[in-house]
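Below, chains carry the letters A, B, ... as their sequence lines are ordered, and counting in each starts from 1. From a predicted model like this one, the values you see are computed outputs, not experimental measurements. Computation of the quantities below employed the complete heavy-atom set of this structure, encompassing side-chain atoms and omitting hydrogens, waters and symmetry-equivalent molecules.
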2 protein chains.
Amino acid sequence: MTGLERDKPAVRILLLEDDDPVRDRLARIIDGWPGGRLVASCATLGEAIRQITDETIDLLITDLNLPDGHGVQAIRLLRERQPEAQAMVISVLADDRTVIDAIEAGATGYLLKDSDPIDIVAAIGDLLAGHSPISSKIARTIVRRLGGREPPSGATAPPPAAADAQLLTPREMDILWGIAKGFTYGELAERLQISKQTVPVHIRNIYRKLQANNRSEAVYEASRRGLIKL
Amino acid sequence: MTGLERDKPAVRILLLEDDDPVRDRLARIIDGWPGGRLVASCATLGEAIRQITDETIDLLITDLNLPDGHGVQAIRLLRERQPEAQAMVISVLADDRTVIDAIEAGATGYLLKDSDPIDIVAAIGDLLAGHSPISSKIARTIVRRLGGREPPSGATAPPPAAADAQLLTPREMDILWGIAKGFTYGELAERLQISKQTVPVHIRNIYRKLQANNRSEAVYEASRRGLIKL
DNA sequence: CGAGCCCTACCCTGTTCATGGTATCGCGAT
DNA sequence: ATCGCGATACCATGAACAGGGTAGGGCTCG
């Protein structure tokens with residue numbers, strides 16, 4: 001060591017971004033920031049996986065769309081191998097699934113590329129201060145996930161399930177059970193003694209209420225919200 | 001009927017803030033903003049409740065600490081009476097309980113007073129654009145709520161998975177995760193970087209091993225056997 | 001080195017699903 | 001009494017899925 005590391009522990013940063021100009025720009029900024037040390041600057045998931053496996057990382061800054069995989073995979077691996085490390089996403093992706101996936105994988109920061117020029121150093125500082133720098137568009141997805149809607153009629157609902165209790169109608173709950181168990185339209189119709197034309201109507205309504213687009217997603221969502229337990 | 005609902009798309013804003021100087025300052029800013037109309041500027045929860053009950057509101061901007069109650073109560077009432085309306089918190093409070101309460105009550109914006117001078121107009125615009133202007137410190141609380149749990153890869157879960165651990169191959173477990181979350185062939189193929197022809201092959205093998213005939217059944221079975229936890 | 005398994009990939013075919021629209025009936029609320 | 005909504009029902013179309021067969025490359029293990 002030639003005195004690069006003094007008393008202050010520099011933040012070991014791993015950068016993962018497939019777009020060359022963007023990566024270089026970010027790398028330069030990070031390199032020029034005295035508080036951090038750029039462990040590596042990767043263009044592929046594979047390279048990042050190698051780095052995460054071999055090196056000690058404090059902070060992963062990653063894109064999501066990668067030529068050989070998805071940035072969330074890097075986040076997952078990082079959280080597994082180095083639970084103390086932080087992860088921040090910098091991406092153009094803003095759809096609900098991607099955002100929720102990233103957050104659930106352990107990302108604590110999420111900046112949208114499309115917005116105004118990113119102050120990456122400020123975001124890193126924010127993150128390391130225990131905050132979550134998140135673009136407002138991304139935040140909305142997360143907030144929606146928590147807050148949803150529908151007013152609690154009483155004062156305060158202790159269990160989260162109580163809030164969603166009225167979300168689905170009784171019939172929809174019947175249908176939900178059915179799709180969780182893998183029944184087809186026909187089986188469900190027979191079991192509930194209704195026309196097989198009616199089943200998809202209920203299913204559509206369930207999808208709308210749970211913001212799902214197919215059966216598995218609906219079951220996953222319903223389970224997550226405590227509407228059903230598998 | 002006063003018949004003025006369609007003429008102008010000015011945002012009807014209700015301000016609730018007990019601190020006089022702060023309230024006046026915010027009121028002036030909002031008043032000077034051509035995009036919005038200040039319906040009322042309240043110093044107490046009681047006054048705000050009256051306004052929410054009697055007037056049509058598009059956006060509530062509220063403090064939380066109030067002399068006669070809590071701002072969250074105003075948010076709850078608003079969401080109950082006027083579900084289309086938005087709510088934004090401006091407060092010094094940042095504890096988990098308060099933040100989660102506010103978000104669950106329906107707030108889609110949450111700015112911390114202590115931070116840098118608030119650009120309230122930008123935040124309002126953000127909010128009305130469908131985003132969620134949220135201070136990064138607040139965001140961390142929310143993110144923790146969503147993602148702060150255990151990493152999905154069961155590093156320390158030998159008891160349940162032991163018997164069936166070898167039932168599915170690693171790749172099949174990847175696929176299983178995907179179908180539990182509702183991914184299509186194409187999405188799964190992209191995320192795992194394999195051909196979309198290969199995905200159904202794995203799925204078929206999973207069905208065979210779990211004795212399932214469709215996705216929901218497979219997820220149900222896998223969950224029941226402890227292969228995945230939703 | 002051949003056996004066995006996993007992962008990969010493609011072909012084909014029939015079924016099921018997702019999604020739109022439209023409509024009737026009953027019930028509780030306005 | 002009209003309105004909103006839940007539940008029921010039908011039609012139609014394109015996308016996605018299930019299930020069958022075939023097969024090459026890579027890996028490990030006797």
Side-chain angles (χ1 to χ4, degrees), chain A residues 45-46 49 68-69 73 95-97 149-151 153 164-222 227, chain B residues 1 53 80-84 164-222 227:
Chain A
L45 179 63
I49 287 174
D68 60 339
Q73 299 175 258
D95 62 288
D96 286 16
R97 178 178 293 165
R149 55 220 140 274
E150 75 85 45
S153 315
D164 287 332
Q166 300 290 10
L167 181 56
L168 297 186
T169 68
R171 207 46 159 178
E172 284 163 0
M173 287 301 297
D174 295 340
I175 300 279
L176 182 58
W177 259 110
I179 66 180
K181 293 206 170 186
F183 293 132
T184 66
Y185 287 167
E187 290 169 331
L188 220 24
E190 191 183 347
R191 194 164 280 244
L192 296 178
Q193 286 298 298
I194 59 179
S195 159
K196 88 181 55 171
Q197 319 295 334
T198 305
V199 175
V201 177
H202 290 303
I203 293 185
R204 275 206 298 271
N205 292 331
I206 293 173
Y207 288 171
R208 183 172 40 76
K209 292 181 179 178
L210 296 184
Q211 301 183 313
N213 298 300
N214 57 52
R215 287 153 175 252
S216 301
E217 229 173 337
V219 171
Y220 185 83
E221 222 5 66
L227 294 175
Chain B
M1 300 301 178
T53 307
E80 190 175 324
R81 297 298 182 87
Q82 310 191 37
E84 298 306 308
D164 289 327
Q166 299 294 6
L167 181 56
L168 297 187
T169 68
R171 206 46 159 178
E172 284 162 1
M173 287 302 297
D174 294 341
I175 299 278
L176 182 58
W177 254 110
I179 66 180
K181 291 206 169 188
F183 293 132
T184 66
Y185 287 166
E187 290 169 330
L188 220 24
E190 192 182 345
R191 271 177 176 66
L192 297 180
Q193 288 299 120
I194 58 179
S195 158
K196 88 182 58 171
Q197 319 293 335
T198 305
V199 174
V201 177
H202 290 303
I203 293 185
R204 277 205 300 274
N205 292 332
I206 293 173
Y207 289 171
R208 185 171 39 75
K209 292 180 180 178
L210 296 183
Q211 301 184 312
N213 298 303
N214 56 52
R215 286 153 176 251
S216 300
E217 231 173 334
V219 171
Y220 186 82
E221 239 340 85
L227 294 176

K.L.:
Just checking A:Glu190: does its CD atom have more than 12 heavy atoms from other residues, nucleotides or ligands closer to it than 6.0 angstrom?
P.N.:
no
K.L.:
Heavy atoms under 4.0 Å, any strand shown: does B:Pro200 hit a base, just sugar-phosphate, or nothing?
P.N.:
nothing
K.L.:
Can you tell me if the side-chain N/O atoms of B:Asn213 get under 4.0 Å from OP1 or OP2 in D:dG19?
P.N.:
yes
K.L.:
Between C1' on D:dA9 and CD1 on A:Ile203, what's the gap in Å once rounded to a whole number?
P.N.:
15 Å
K.L.:
Quick check for you: among C:dA9, C:dA18, D:dT8, whose closest atom lies nearest to any side-chain atom of A:Tyr185?
P.N.:
C:dA18
K.L.:
Would you kindly give the NZ-to-P distance between A:Lys196 and C:dA18, to the nearest whole Å?
P.N.:
16 Å
K.L.:
In whole angstrom, what separates A:Ile175's CD1 from D:dA9's P?
P.N.:
11 Å
K.L.:
Counting just side-chain N and O atoms, does A:Thr169 come under 4.0 Å of either OP1 or OP2 of D:dC5?
P.N.:
no
K.L.:
Give A:Asn205 one of three labels, base, sugar-phosphate or nothing, depending on what nucleic acid heavy atoms sit under 4.0 Å from its own.
P.N.:
nothing
K.L.:
Figure out the CD1/C1' separation between B:Ile194 and C:dC7, and round it to whole Å.
P.N.:
8 Å
K.L.:
Looking only at the side chain of B:Arg171 (C-beta and beyond, no hydrogens), which of the listed nucleotides C:dC7, D:dG19, C:dT19 gets closest?
P.N.:
C:dC7
K.L.:
Figure out the CZ/P separation between B:Arg204 and D:dG21, and round it to whole Å.
P.N.:
9 Å
K.L.:
Between B:Glu172 and A:Val201, which residue's closest nucleotide on DNA chain C lies nearer the 5′ terminus?
P.N.:
B:Glu172
K.L.:
Return the NE2 to CG distance between A:His202 and A:Asp174, rounded to the nearest 0.5 Å.
P.N.:
8.5 Å
K.L.:
Looking at CG of A:Asn205 and OG1 of A:Thr169, how far apart are the two atoms once the value is rounded to the nearest 0.5 Å?
P.N.:
7.5 Å
K.L.:
Grab the two heavy atoms, one from B:Lys209 and one from B:Leu168, that are nearest each other, plus how far apart they are.
P.N.:
CD-CD2, 3.6 Å
K.L.:
Quick one: which of D:dC17, C:dA18, C:dC7 gets closest to the side chain of B:Thr184?
P.N.:
D:dC17
K.L.:
Verify the contact: side-chain N or O of A:Thr198 to OP1 or OP2 of D:dA9, cut-off strictly under 4.0 Å; return yes or no.
P.N.:
yes
K.L.:
Could you give the CZ-to-P distance, from A:Arg215 to C:dT16, as a whole number of Å?
P.N.:
11 Å
K.L.:
Could you tell me whether a side-chain N or O of A:Tyr185 sits under 3.5 Å from a main-chain N or O of A:Ser195, the two making a donor and an acceptor?
P.N.:
no
K.L.:
When the distance from CD of B:Gln197 to P of C:dC10 is rounded to whole Å, what number comes out?
P.N.:
5 Å
K.L.:
Mind calculating the distance between OH (B:Tyr207) and P (C:dT15) to the nearest angstrom?
P.N.:
18 Å
